[in-house]
Amino acid sequence: MTVGANRIVPTISIPYPLGDPNTPKEEQWKLRYHRVGVALDAIATDVTEQTVFKVRI
Amino acid sequence: MKKVICYVNQFFGGIGGEDKADQEPYIVEGVVGPTMAINAALKDAEVTHTVVCGDNFMGSNTEEALSRIMGFLEDKEMDLFIAGPAFQAGRYGVACGNVCKAVKEKFGVPVLTSMNGENPGADMFKKDVIIFKGGTGAVKMRQDVKVLTNFANKLLAGEPNLGCEAEGYFERGCRHEVFLEDIRENTAAYRGVQMLKKKMAGEPYQTELVIPEKDLVPIAPAVELKDAVVALVTTSGCVPVENPDRIQSASATRWGRYSIKDMDRLEAGVFKTIHAGYDPAAGNADPNVLVPLDAVRAYEKEGKFARLHDYFYTTVGTGTTEAEATRMAEEMIPFLREDGVNAIILGST
């Protein structure tokens with residue numbers, strides 16, 4: 001929020017935003033695929049203020 | 001003798017750098033690292049304990065870390081709590097802000113910290129906590145500790161706070177009560193009218209309550225995904241292994257754009273990260289956790305959006321000033337426009 005981005009999708013960690021190396025590759029892929037999908041949907045969604053989009057995985 | 005408790009991260013706690021950033025919080029009696037200098041500069045007060053916690057542990061398990069630290073402090077006497085200085089270290093600055101805010105709320109004692117204006121912790125916590133304007137790195141330790149402890153000594157001695165500008169901390173957007181001499185020129189009505197007269201005469205005047213501004217960009221309208229040309233931009237420092245544009249590992253002023261044409265993923269050994277602000281192991285082992293090319297390609301193949309731009313754009317976000325970041329973005333934009341890019345996924349670390 002403080003950097004001023006208007007559409008934000010949470011990721012999981014600074015060193016590995018989109019895949020925890022302590023989990024199996026398949027799980028990392030599921031998480032990454034899901035969150036990138038949320039990001040693409042976010043781009044296609046109108047917002048009126050800084051918005052953090054919900055993620056399921 | 002007044003009692004002061006301090007907070008430092010794993011680095012200043014002397015246990016190690018990035019590899020020790022997962023350190024769980026602990027408390028020791030007396031001073032550690034920079035809290036030695038704080039202790040030496042305090043008058044009629046001493047540092048009785050120092051809390052140490054790894055920046056990653058605090059960042060990833062904030063509630064757990066704060067609850068354990070509050071537990072350490074529960075049975076301790078304390079007149080003042082000091083965190084940092086955190087300079088431009090982002091995670092450390094945010095940690096100092098979080099710990100100070102929690103201590104202030106739970107124990108009601110004054111809390112102080114120090115960090116650079118470019119530290120994200122400054123914007124996040126300057127309204128809640130007195131944060132002194134610090135230098136960019138530990139080379140400013142002596143100076144930052146001096147400013148911090150000068151104010152701490154005043155505070156502990158019950159001397160008046162002269163306000164953010166005079167004392168050197170970030171504006172909190174709040175006013176504190178000061179009793180002025182009881183004369184007509186000091187009344188709010190008189191001061192207000194003087195200001196109004198200056199304004200009407202077109203002369204410079206200074207409001208007594210400046211509202212801090214947040215730097216936001218206008219919200220881009222939504223795009224139709226079926227027509228979207230998407231580009232990937234990153235501040236993760238992910239580059240081809242030879243780092244051909246010699247992008248700096250911190251406080252970056254350079255950026256690069258690298259072809260991802262015909263690539264379904266970023267291969268380890270072909271790409272790596274040169275970012276000095278986090279442990280590169282995971283990103284080097286699989287750069288897609290930084291720049292999710294594999295997932296974006298999958299959606300492109302499914303037809304979720306029109307096409308992916310042939311390059312990704314990259315720089316390093318740690319210690320990079322807003323001014324440099326803005327300039328780099330402005331330099332990237334013509335390349336993106338030229339190819340008709342109308343949507344960007346910017347990955348940060």
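In what follows, chains carry the letters A, B, and so on, assigned in the order in which the sequence lines appear, proteins first and then strands, with residues in each chain numbered from 1. Note that the structure is a prediction, hence the values are computed from the model and not measured.
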Among [options], who wins on heavy-atom pairs under 4.5 Å with chain A?
options: Ile345(B), Asp294(B), Asp286(B), Thr273(B); answer: Asp294(B)
options: Ala295(B), Ala298(B), Ser348(B), Gly283(B); answer: Ala295(B)
options: Asn342(B), Asn288(B), Val296(B), Asn56(B); answer: Asn288(B)

Quiz item: Are Arg327(B) and Glu324(B) ion-paired here, with the side-chain N under 4.0 Å from a carboxylate O?
Solution: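 Yes, this pair counts.
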Exercise. Taking only Lys NZ, Arg NE, NH1 and NH2, and the carboxylate oxygens of Asp or Glu, determine whether Glu27(A) and Lys25(A) approach each other closer than 4.0 Å.
Key: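 No, Glu27(A) and Lys25(A) are not salt-bridged.
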Practice problem: Could you please state which residues from residues 274-282 of chain B sit under 4.5 angstrom from chain A, measuring non-hydrogen atom to non-hydrogen atom, sorted by number, or 'none'? | Solution: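 Tyr278(B), Asp279(B), Ala282(B) fall under the 4.5 Å cut-off.
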Self-check item: Side chains of Met115(B) and Gln88(B) in contact at under 4.5 Å (non-hydrogen atoms)
Solution: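 With C-beta onward as the side chain, the pair stays apart.
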Exercise. Determine the interplanar angle of the Tyr313(B) and His309(B) rings, folded into 0 to 90°, and report it as parallel if under 30°, tilted if 30 to 60°, perpendicular if over 60°.
Key: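 Parallel, since the angle between the ring planes stays under 30°.
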Quiz item: What class does the angle between the rings of Tyr299(B) and Tyr33(A) fall in, given that below 30° is parallel, 30 to 60° is tilted and above 60° is perpendicular?
Solution: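 Aromatic pair Tyr299(B)/Tyr33(A) classed parallel.
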Side chain / backbone / both / neither for [X] at chain B, heavy atoms under 4.5 Å:
X: Thr45(A); value: backbone
X: Thr51(A); value: neither
X: Pro21(A); value: side chain
X: Arg35(A); value: neither

Practice problem: Check whether the side chains of Gln248(B) and Thr253(B) place a donor and an acceptor atom closer than 3.5 Å, and report yes or no. | Solution: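 On atom types as modelled, these side chains qualify, holding a pair under 3.5 Å.
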Less than 3.5 Å apart, which donor and acceptor atoms pair up between the side chains of residues 217-227 of chain B and the rest of the protein, not counting sequence neighbours?
none

